Structures are given as structure tokens and as C-alpha cells.
Amino acid sequence: MRIRPFEYYTAINQSDVLDKLAKYGPDTKVVAGGTDLVLAMKRKTILPRVVVSLHKVRELDFVREEDSRVCIGALTRHADLAMNTTLNDNFPILCEAVSLIGSWQIRNVATIGGNLCNASPAADSAPPLLALDARVVIASSEGEDEIPLSSFFTGPGATVLKSNQLLKEIVVERPKTRSAGCYLKLMRKKAGDLSLVGVAFQAETDQAGEKLARVAIGLGGVAPTPVRSPETEAMLTGLSYDEAIKEIPEAARAAVRATSPIADIRASADYRRTIVEIYVRRAAEKILGTLFNGEDIQK
Amino acid sequence: MKVRINVIVNGEKHHLEVKPNHTLVDVLREELSLTGTKKGCGSGKCGSCTVLMDGRPVNSCLILAPQADGREVVTIEGLAGREPHPLQKAFAEKGAIQCGYCAPGMILTAKALLDVNPNPQEEEIRFAIAGNLCRCTGYSKTVEAIRSCANSSRNNRPSAGRKAYA
Ligand SMILES: Cc1cc2nc3c(=O)[nH]c(=O)nc-3n(C[C@H](O)[C@H](O)[C@H](O)COP(=O)(O)OP(=O)(O)OC[C@H]3O[C@@H](n4cnc5c(N)ncnc54)[C@H](O)[C@@H]3O)c2cc1C
Ligand code: FES
Ligand code: FES
């Protein structure tokens, strides 16, 4: 698996990256951890003329608390995210999801920015971030723009990013009340596999801790892009524990309607749909237990 | 096009001119003749190319050669002092090596694990080595060998699972 020759540059900081992207034009690719790009270049599915490495752009490797929000630099690696205390305190769902990516070797180099920009429908960081209403900051030499992650993906392997743009950081609002979330991932083997289906379930209670004030579900691997399940979310929002427990089976069935899975060599579309229903149900039951019965309290 | 890099390999500084379309494993094996690092799948799945980069296990088949600039790399050749490393001894003694193809990578991952978690429980070991495939041993002896190098191999504490490190 030889890689075709290309022109190579190491960027030293963010503005250097943006200058180089502007200068070298559309056949240019940035490389972060390279776990997607280098493989694609070996397989010759992506053949860039110029590659700009980001490994020295340390300023985009951070997790920072800012008032009500937490900002995550695009070059932060999954291994560091999984162990980060701020993230584990506020959004354990994200830590859980990224700790299931690939292997330890992969998580030690692969970045969250690369995971999102590669835009696999099965990218494991996407469902939890969608469920957290994450926003992304996009930079180019002309300036910066912040958009919801939900409008970032445009199809399998495709995003709104233009060739002169860089994903700079991901921004997540801290939950205001008690919250809990979990990520369930279906793989063909116990580790080191992409998701066949990924279900992120995040919920918050009202101030009194009596009702569900917010329910958000992110689904991966079951549509051209990672998606939310607004119908299920609406069915559960506003309910008490007892009401929600009764509603879960119907709500889980509704989640399937947000999907349009493909059938491929790894699983049939029907199997993927069935798993969505089962995982949404399991995740909902687990999180309701956490929020209302104090099982395994997170916040 | 060639790119100049400075890299420390097994404690020794190297100034190299590398081709950007080569990966770190190519540089180690072909330029530095460190053939202990294996190249199996070439796609991040088998872990036989595992080396430590700044102390962490990584797949050297997915790292472009120039991305190693400024890093410190340890390969299996850098592990032993005058004596084999305790993990190397344990792997040999416990029968965790059959054909041996996975061993360089497996042992380096185990070393990195013990560096961050000196007393790993079985589940933690299995999670750490999930990216190192072995087609011979069935992993039981591998886990046993690693566990025997823990600083208190008889002290059983509850496993933190994958939360023990990432
Ligand atoms: C063996 C193996 C197992 C894997 N398992 C999983 C898994 O379980 N779950 C999962 O979700 N993924 C998995 N992956 C895929 C991959 O590891 C992740 O998607 C990873 O997060 C990609 O990050 P990276 O830094 O390596 O990206 P790179 O390969 O460096 O980049 C990926 C793409 O994004 C672009 N890019 C990167 N950073 C930016 C940026 N800041 N701004 C703009 N564009 C950017 C690049 O140009 C490239 O097109 C696996 C990969 C391998 C090889
Ligand atoms: S050769 Fe690198 S992981 Fe298989
Ligand atoms: S001993 Fe043969 S692959 Fe592990």
C-alpha cells in the first residue's frame, strides 16, 4: 500500500495553516492524526496534491472552560478527551463515546476535529456532540464563523467546510440542571471496529428534579449523516419518571423513523433499525434510572 | 521532495531526510534498520507496528514520516538494557510468544500501560491491548505475562475498566 507522492508542509500555527490553505488551493488536505487521511491515501481514495500537517499547531489542542461553555480544540486527541476531568464532570457521554474509538494506538493520535471533518456517518464523537447541541467554530483567512454541528454534515464524507477552511474548535454549553447521558455502540467484535449503530442519549431534569426538561438523542451509522431523533425527544420531554418509563417503548419505536439505514456487507438495514429501537430503549431506561433514582449519579 | 526531520529513536538523536509519502514504520525499518517493528496490515488494525511516541503507543504505519519530527520514539530494540526487559522475560517464560510476530507491538503497549497504571487488572489489560492482534496465543498467556509484571500482581482491586487510562 504505497502512498503517491505529494508536496508536504508542516504548519507552525493556525494562521500559517490558513495561509497555506489559501495559497495551495483545492487539492490541499490538512492532516491531523492521519488515521483517516493516511489510510485513504494508501487506498488511493483521496489523492491530494499538497498535504499540510497540523501536528505542530499545539494551540488547537485544549479543553477550556469559558463561563457557561466548554471549548474543545479540534486537535485534541481522543485519549486525552476520554481522560479529561472537565469533560468527565460535564459531559461523560462524550468521554464514553470517544473511549470506544478504534484502539488505544488510534486514540493516541486521532483527533476529534479529524473525526468530525472526515464525516463518516458512523463517527463516534458525532452522536454525543449532536445530543449536546454542540456548535463548531470554522476559521479561514477571512475570519471565523460559529455554526451548529447539526448543519456541519452534508452527506457521507461531506461537510460544509470549503477548501480554505479549518475546523478550529467545538463548543458545548454546560448543562444547567442535573444531567446524564450514555453512548451505546454496536460493533461486530468487542473492540477496534467502527459503529454499525451508535446511540447517544442525553437528558436533563427540571430545577425541581421531577420532570425531564430536555431529552436529546443522537444516532450514528443509520443515515447519510449522524442525526437527531426529534420525534422521540418530544415524546419524552416534560414527562415525570413514571410517565416516561411507560412512554419509552413507543418513543424507541419512533426513533427508527429518524433513520434511513443502508444495507451493506456489515449489516442489513433491518438489523440496524432493530438495534436503534433496542438501544434507544436501553439507553433511556438507564438514564432515567440515573436521573431519578440516583443510580450512578453524574451530576 | 524530501523533508528534514529530527527524531530521537531509542535515546539516540537522528537527523534524517525522509520522503513525506513514507510512514514512520518505513523509516524505522528501511532507514534505521530497526526491523523489530513489524508491518502487518499497514492500516491501523493489527498493532504489529506499534511503537511508543512520546511515551504513548501508536501505529507507526499511519504516521507520515515527517510527522515524527521533534518526537521521541521507542521501538522494541530500545526496551532491553543489558538484560531483557522484565516484560520480555515474562512473555518468554509464560509462553506468551509463539510465532512472535505480535510480540514487539504487544510488549510496547504493555510497557505503556504499566507506565500509567502499574497494577492493571485483567479487564484493563485486555482493553489496553485490544489494538494488538495475536493469531497464535489466544491472549490468555499474554494477559498473564503482563499481569505478572504488575507491581503487586496479587493485589486485586476493582477494575476501572477503560476509565483507568484511555
Ligand atoms: C483501525 C481504525 C479504527 C478506527 N475506529 C474508529 C471508531 O471506532 N470510531 C470512529 O469514529 N472512527 C474510527 N476510526 C476513524 C478515525 O480514527 C477517526 O475518524 C479519527 O478521529 C480521525 O482523526 P484524525 O486526526 O486521525 O484525522 P485525519 O486523518 O488527520 O483527518 C481526517 C479528515 O479530516 C480533515 N481534517 C482533520 N482535521 C481537520 C481540521 N481541524 N479542519 C479541517 N479539516 C480537518 C483531513 O483533511 C481529513 O480529510 C478508525 C480508524 C482506524 C484506522
Ligand atoms: S501494520 Fe500498523 S497496525 Fe497493522
Ligand atoms: S504469537 Fe503469533 S501472532 Fe502473537
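Chain identifiers are assigned alphabetically (A, B, ...) following the order of the sequence lines, protein sequences preceding nucleic acid strands; residue numbering begins at 1 within each chain. What you are looking at is a predicted structure, and each value in this text was computed from that prediction instead of being measured.
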Problem - Contacts of type side chain to side chain donor-acceptor pair (under 3.5 Å), residue B:Lys19, not counting sequence neighbours - result: none

Practice task
Determine, for A:Arg2 against B:Asp26, whether the closest basic-nitrogen to carboxylate-oxygen distance falls under 4.0 angstrom.
Solution key: no

Are the side chains of [Y] and [X] in contact, using a 4.5 Å heavy-atom criterion?
X	Y	value
B:Gln67	A:Val109	no
A:Met1	B:Cys61	no
B:Ile63	A:Val38	no
B:Arg71	A:His55	yes
B:Phe127	A:Lys190	no
A:Thr35	B:Asn59	no
A:Lys56	B:Asp69	yes
A:Phe6	B:Leu64	yes

Taking side chain as everything from C-beta outward and backbone as N, CA, C, O, which of these in [X] sits under 4.5 Å from a heavy atom of chain A? Side chain, backbone, both or neither.
X	result
B:Thr23	side chain
B:Val58	both
B:Cys41	backbone

Completion exercise
The reported gap from CD in A:Glu7 to CG in B:Asn21 (rounded to nearest 0.5 angstrom) is 12.5 Å

Problem - Heavy-atom pairs under 4.5 Å with chain B, option from A:Asp193, A:Leu54, A:Ile106 with the top count - result: A:Ile106

Problem - A:Gln105 (side chain) donor-acceptor with B:Lys45 (main chain) under 3.5 angstrom - result: no

Is it the side chain or the backbone of [X] that comes within 4.5 Å of chain B heavy atoms, both, or neither?
X	result
A:Arg4	backbone
A:Lys189	neither
A:Val98	neither

Problem - Partner residues of A:Lys44 under the salt bridge (Lys or Arg N to Asp or Glu O under 4.0 Å) criterion, sequence neighbours left out - result: none

Problem - Atom NZ of B:Lys141 with >12 non-hydrogen neighbours under 6.0 angstrom - result: no

Practice task
With a 4.5 Å cut-off on heavy-atom pairs, point out which of B:Ser43, B:Pro66, B:Ala130 contacts chain A the most.
Solution key: B:Pro66

